[in-house]
A.B. asks: 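Structure in structure tokens, see below.
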Amino acid sequence: MRLFLVAATAYLACAAAALAADKTIHDREHGFSLTYPEEWASETAFDNTIRLKIKSGERGLTCRVSENAYDPTAPDNPPDVRAFMEEDWQVSNWQTMVGVAYESAAFRKDRLAHFPDGYPVRIADMDFHYADENVSFYGHSRIALTLRRSHYGFVDCGVAGDNSEEVERKWAPLADEAEKIVSSFVLDAD
């Protein structure tokens, strides 16, 4: 019995330490929340679209949160964003909304999830190649994207490398951690 109590106490202490190792940020100005390991480096107000950037350090996982205003009355924007996310979504929407920023991007594992308040969010994996006049690299990331009535947002957690084989090696041990962070993303209700 004593051994059981010692083991149970040790388990609870480890569990509490594991829970305490995560940090949740709620950016009220931009209307989102995200939970990530406390020891990660972070930057806020990174530019006009990226509101938070976090890095795992030498492990190579970088996550970015973007949030901006959304106008459902603008041409080509779906007026009923909830129906669009839940019923009308097509995998090609990933290319239109995210993939255009890359030389090439391929999306897979698209799935529908929901925030704690039941609001829909799309999650997918992206393999990409980025190139401009100064740099060229390959990458893989997990992305969560959603549209609310007045704003949209996404979190993108990924790794980069010189070729797709290097990216695949880097991604394998980090996939679960990326999923945990991406799944913690919440865009505030309007």
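Residue numbers run from 1 in the order of the sequence given. Values reported hereafter were calculated over all heavy atoms of this structure, with side chains retained and with hydrogens, waters and symmetry mates removed.
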A.B. asks: Mind jotting down which residue pairs meet the salt bridge (Lys or Arg N to Asp or Glu O under 4.0 Å) criterion with at least one end in residues 92-102? Sequence neighbours excluded, please.
C.D. replies: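 As it turns out, there is no salt bridge (Lys or Arg N to Asp or Glu O under 4.0 Å) pair with a partner in residues 92-102 once direct neighbours are skipped.
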
A.B. asks: Atom CZ of residue position Arg108 - does it have more than 12 heavy atoms of other residues, nucleotides or ligands inside 6.0 Å?
C.D. replies: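 Yes - once you tally the heavy atoms of other residues, nucleotides and ligands closer than 6.0 Å, there are more than 12.
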
A.B. asks: With sequence neighbours left out, write down each residue that passes side-chain contact (heavy atoms from CB on, under 4.5 Å) with Glu39, or none if nothing qualifies.
C.D. replies: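 Here the qualifying residues are Pro37.
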
A.B. asks: Could you list the residues that satisfy ring pair (Phe, Tyr, Trp, His ring centres under 6.0 Å) with His129, not counting sequence neighbours?
C.D. replies: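 Counting only residues at least two positions away or on another chain, His129 forms a ring pair (Phe, Tyr, Trp, His ring centres under 6.0 Å) with Tyr138.
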
A.B. asks: Should we count NZ of Lys55 as having more than 12 external heavy atoms under 6.0 Å?
C.D. replies: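 Not buried by this count: 12 neighbours or fewer within 6.0 Å.
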
A.B. asks: Measure up the His30 and Phe32 rings against each other and bin them: parallel (under 30°), tilted (30 to 60°), perpendicular (over 60°).
C.D. replies: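 Parallel: the ring planes of His30 and Phe32 meet at under 30°.
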
A.B. asks: What's the verdict on side chain to side chain contact (heavy atoms under 4.5 Å, CB included) for Val159 and Glu166, showing C-alpha distance, side-chain angles and the deciding distance?
C.D. replies: CA-CA 10 Å; Val159 296; Glu166 179 185 0; over 6 Å; no

A.B. asks: Tell me the ring-ring contact (aromatic ring centres under 6.0 Å, His included) pairs involving residues 61-102, sequence neighbours left out?
C.D. replies: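 Sorted result for residues 61-102: Phe84-Trp89, Trp89-Trp94, Trp94-Phe107, Tyr102-Phe128.
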
A.B. asks: Which pairs pass salt bridge (Lys or Arg N to Asp or Glu O under 4.0 Å) with one or both residues in residues 67-79, sequence neighbours excluded?
C.D. replies: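 Those involving residues 67-79 are Arg51-Glu67.
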
A.B. asks: Quick test of your reading: applying ring-ring contact (aromatic ring centres under 6.0 Å, His included), list the pairs with at least one residue in residues 147-167, sequence neighbours left out, ordered by first then second residue.
C.D. replies: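 The answer is none; no pair qualifies.
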
A.B. asks: Is Ser184 reaching over with its side chain to a backbone N or O of Thr35, donor-acceptor style, under 3.5 angstrom?
C.D. replies: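 Yes.
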
A.B. asks: If you count the non-hydrogen atoms of other residues, nucleotides and ligands that lie under 6.0 Å from CG in Asp132, is the total more than 12?
C.D. replies: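 Atom CG in Asp132 is packed in, count exceeds 12.
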
A.B. asks: Tell me every residue that passes side chain to side chain donor-acceptor pair (under 3.5 Å) with Ser104, counting only those two or more places apart in sequence or in another chain.
C.D. replies: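 So Ser104 forms no side chain to side chain donor-acceptor pair (under 3.5 Å) with any residue.
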
A.B. asks: Examine distances only and state if a side-chain atom of Asp190 and a backbone atom of Ser150 form a donor-acceptor pair shorter than 3.5 Å.
C.D. replies: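 Judged by distance alone, yes, a pair lies under 3.5 Å.
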
A.B. asks: The criterion is salt bridge (charged side-chain N to carboxylate O under 4.0 Å, His left out); which residues satisfy it with Asp110, sequence neighbours excluded?
C.D. replies: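 Partners of Asp110 by the salt bridge (charged side-chain N to carboxylate O under 4.0 Å, His left out) criterion, ordered by chain and then number, come out as Arg122.
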
A.B. asks: Check salt bridge (charged side-chain N to carboxylate O under 4.0 Å, His left out) between Asp117 and all other residues, then give those that pass, not counting sequence neighbours.
C.D. replies: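 Once residues adjacent in sequence are excluded, the partners of Asp117 under the salt bridge (charged side-chain N to carboxylate O under 4.0 Å, His left out) criterion are Arg148.
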
A.B. asks: Under the salt bridge (charged side-chain N to carboxylate O under 4.0 Å, His left out) rule, collect the residues that match up with Arg142, sequence neighbours excluded.
C.D. replies: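 Arg142 satisfies salt bridge (charged side-chain N to carboxylate O under 4.0 Å, His left out) with Asp125, Glu179 only.
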
A.B. asks: With sequence neighbours excluded, tell me which residues meet side chain to side chain donor-acceptor pair (under 3.5 Å) with Thr146.
C.D. replies: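 Expected list: none.
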
A.B. asks: What residues, two or more places apart in sequence or in another chain, satisfy salt bridge (charged side-chain N to carboxylate O under 4.0 Å, His left out) together with Arg82?
C.D. replies: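 Result, salt bridge (charged side-chain N to carboxylate O under 4.0 Å, His left out) vs Arg82: Glu86.
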
